[in-house]
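Presented below is the structure to which this report refers.
No experiment lies behind these values; they were computed from the predicted model shown.
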Amino acid sequence: MRRILIANRGEIARRIIRTARRMGIETVAVYSDADANAPHVAEATLAVHIGPAPAAESYLRAEKIIEAALKTGADAIHPGYGFLSENAAFADACQQAGLIFIGPGADAIRAMGLKDGAKKLMRQAGVPIVPGYQGDDQSLDRLQRSANAIGYPILIKAVAGGGGKGMRRVDDAASFADALLAAKREAQRAFGNDSVLIEKYLTCPRHVEVQVFADTHGNVVHLFERDCSLQRRHQKVVEEAPAPGLPEALRRAMGEAAVTAAKAIGYVGAGTVEFILDVSEGVEKAPFYFMEMNTRLQVEHPVTELITGYDLVEWQIRVARGEPLHARQEDIRINGHAVEVRLYAEDAEGGFLPSTGRLERLHLPEGLAGVRVDSGVVEGQEITVHYDPMIAKLIAHGTDRTVAIDRLIGALDATIAVGPKTNRSFLARLIGHPAFRTGDIDTGFIERHLEDLAPITEVPDRLLALAALAAATPREKPDMSSPWTALGPWRLNLPYRQSIDLFLPDGAKHTVTLTRQADGAIAVGGLDEPLTGLPAWRDAYRFEVDFSGSLARAMVLTHEHSLEVRVGGLTFHFGLRDEAAGDKGALPRDGKLTAPMPGKVLGIFVKPGQSVAAGERLLVLEAMKMEHRLTAPATGIIKAVHVDENDQVPEGRLLIELDVEAASA
Ligand code: ADP
């Protein structure tokens, strides 16, 4: 193999390029209009433009990609994950074009492609599956009867589903029919296939998946498990290896079941067998069930690499070249512990809505001991609505779980991302949570601890004072050549007296007064106890205040009208103006409804001239694989609809105008 085309973008494309380069293999990047300046394009040996920004017109165009491979003389295609990675027709097309598809055979992809078929196959192979119904009879009557027989709560899953989409929990027989309709509608739209299966909903499960590898010589091994129980809306947020507290016997049984699953379908290459572990009666004797097999490299593969010491992309390439696996099962060992978090451009504090925009500043914690950073973007790049808004994966390894977690918190602390909102401080609170530290995890963890995971609203006086001083102290670098400033941190004269309003995440307002004293120190008022401080910036982020001889240091990031203060692993958020009173509220006084986030208009339910009642559904927006309903903030008459179905809209785009007065007059 001399040259590999990577049919992907972002961090996984860069990840594959790294290994290929180390192996002396050239790479070809493909890119859309939106990615012309993306790092994966710059880092590959060659790059080919394949179309406009929407994935359907670029990264999902199989024929374009194969054409690019042939044109550039590539002899293999690595699909990464997502996009075409689990598309059997694409794997076939590569082969027909004389290209090596770095992945399993099309038959194996097909066998695992639909959840119902995969489960039937696994049952035949003797791999345990969740009690449920995977039949072809899709009538309401039949499905309702199976649900009743299994016993509530049950889960409806789209057989073609993925990414947590097309899944509905149903708690009683009465709500089954409605949920089924909704699930089928979502499945049809998302996957073009409305078939569903019904299974028992486990109330306290852990998501434990096993990495498997198979070569073309009949060897199959597993590389132990990953625990991906920390999820939000069925999507992974934190992943780790090995699974905390997993008894050795259970680990062995799951590993063997995963190898059985791979053998049952003649698997080749890297794959992940996902199990659900029912820990409602504890982990000691927990039953586990096959959920699905992902026939590709997984986002969270780095934690496996860190505990086993193997490079899974290298293994993929070697297997694709026809080499036998170069490790036997007994050679593969677990060394220490690894934890990964997914750093996303999203507003974790404001309902986890995706956030877009230019990454004005990006500093990732590269070079810290035991920390690995797999990132897809660079400073200055735009996070767009077109692709997954992941900024980077931060992964930490240590001799044990505590060391790994501490290192990862340190890595999050050192991460600076300014521009779009990110989930950075949420992730730090999450992995710093005492219950996570003890390994007391299941898929309900985030939901259950949401209150503890919310931004901190109890702020000590010294911190309020520090925040107010940071907001008031100009950051401009003074002339460092002057002998007066070169000596140490600079201080600028603040006005004699000013007051700063600090808004906490719960909306509470603190007005802090700053009064300059004769000696240059600032008296801070409006607190329970008055304080006096001398503020100074050490550099663009490090701020310190000398409170009468006791030094407080913090990292302070300012963006638009907000301030982020980090001290000792904790993050405090302060607004500098009253957002609730501004133009952001749900009830626009002028009746203009704007998009609360970038997304796609899925449906419009009203026409101009139509009267609507308060709370009535007006429009559905899809963003980040989720549907968001926009409802009428008040009774009124629709004045204008400014978008069409399927329009992609940026945040803030005017969608609908409502004449609020008209109806009440
Ligand atoms: P997808 O392919 O959409 O990711 P999965 O079948 O892999 O869907 O399930 C995703 C997540 O949904 C799991 O990790 C788990 O948290 C939850 N889940 C799936 N099946 C069940 C079940 N039977 N009971 C409870 N939770 C489940």
Quiz prompt | Pair Y81-N294, side-chain donor/acceptor within less than 3.5 Å | solution = no

Quiz item: Does any N or O in the side chain of D539 come within less than 3.5 Å of the main-chain N or O of Y541, such that one atom is a donor and the other an acceptor?
Solution: yes

Exercise. Could you check if a side-chain atom of M23 sits within less than 4.5 angstrom of a side-chain atom of I317, using non-hydrogen atoms only?
Key: yes

Self-check item: Ion pair R342/E239, N-O distance below 4.0 Å
Solution: yes

Quiz item: Is a salt bridge present between E225 and R206, judged by a nitrogen-to-oxygen distance below 4.0 Å?
Solution: no

Exercise. Inspect the contact between R653 and D647 and indicate whether a charged nitrogen and a carboxylate oxygen are less than 4.0 angstrom apart.
Key: no

Quiz item: Do F426 and F352 have ring centroids that are under 6.0 Å from one another?
Solution: yes

Quiz item: Regarding R226 and T272, is there a side-chain donor-to-acceptor distance under 3.5 Å anywhere?
Solution: yes

Self-check item: NZ/NE/NH1/NH2 to OD/OE distance under 4.0 Å, K236 and E274
Solution: yes

Quiz prompt | Charged N-O contact under 4.0 Å between D311 and R15 | solution = yes

Quiz item: Do the charged groups of R18 and D374 touch, with an N to O distance under 4.0 Å?
Solution: yes

Quiz prompt | Aromatic ring pairing W315/Y310, orientation class (parallel under 30°, perpendicular over 60°, tilted between) | solution = tilted

Quiz item: Going by an N to O cut-off under 4.0 Å, is there a salt bridge joining E292 and K157?
Solution: no

Quiz item: With the threshold set at 4.0 Å, does a side-chain nitrogen-carboxylate oxygen contact exist between R189 and E622?
Solution: no

Quiz item: Using 4.0 Å as the upper bound for N to carboxylate O, is an ion pair formed by E314 and R318?
Solution: yes

Quiz prompt | Pair S375, R14: side-chain N/O donor-acceptor within cut-off below 3.5 Å | solution = yes

Quiz item: Are R328 and D331 close enough for a salt bridge, meaning some N to O gap below 4.0 Å?
Solution: yes

Quiz item: Should Q211 and H301 be marked as a side-chain hydrogen bond (donor to acceptor under 3.5 Å, both in side chains) after you check the CA-CA gap, both sets of side-chain angles, and the distance that decides it?
Solution: CA-CA 8 Å; Q211 175 72 53; H301 75 276; over 6 Å; no

Quiz item: Run the side-chain hydrogen bond (donor to acceptor under 3.5 Å, both in side chains) check on Q298 and E209 step by step: do they pass?
Solution: CA-CA 10 Å; Q298 204 93 330; E209 56 184 38; 3.3 Å; yes

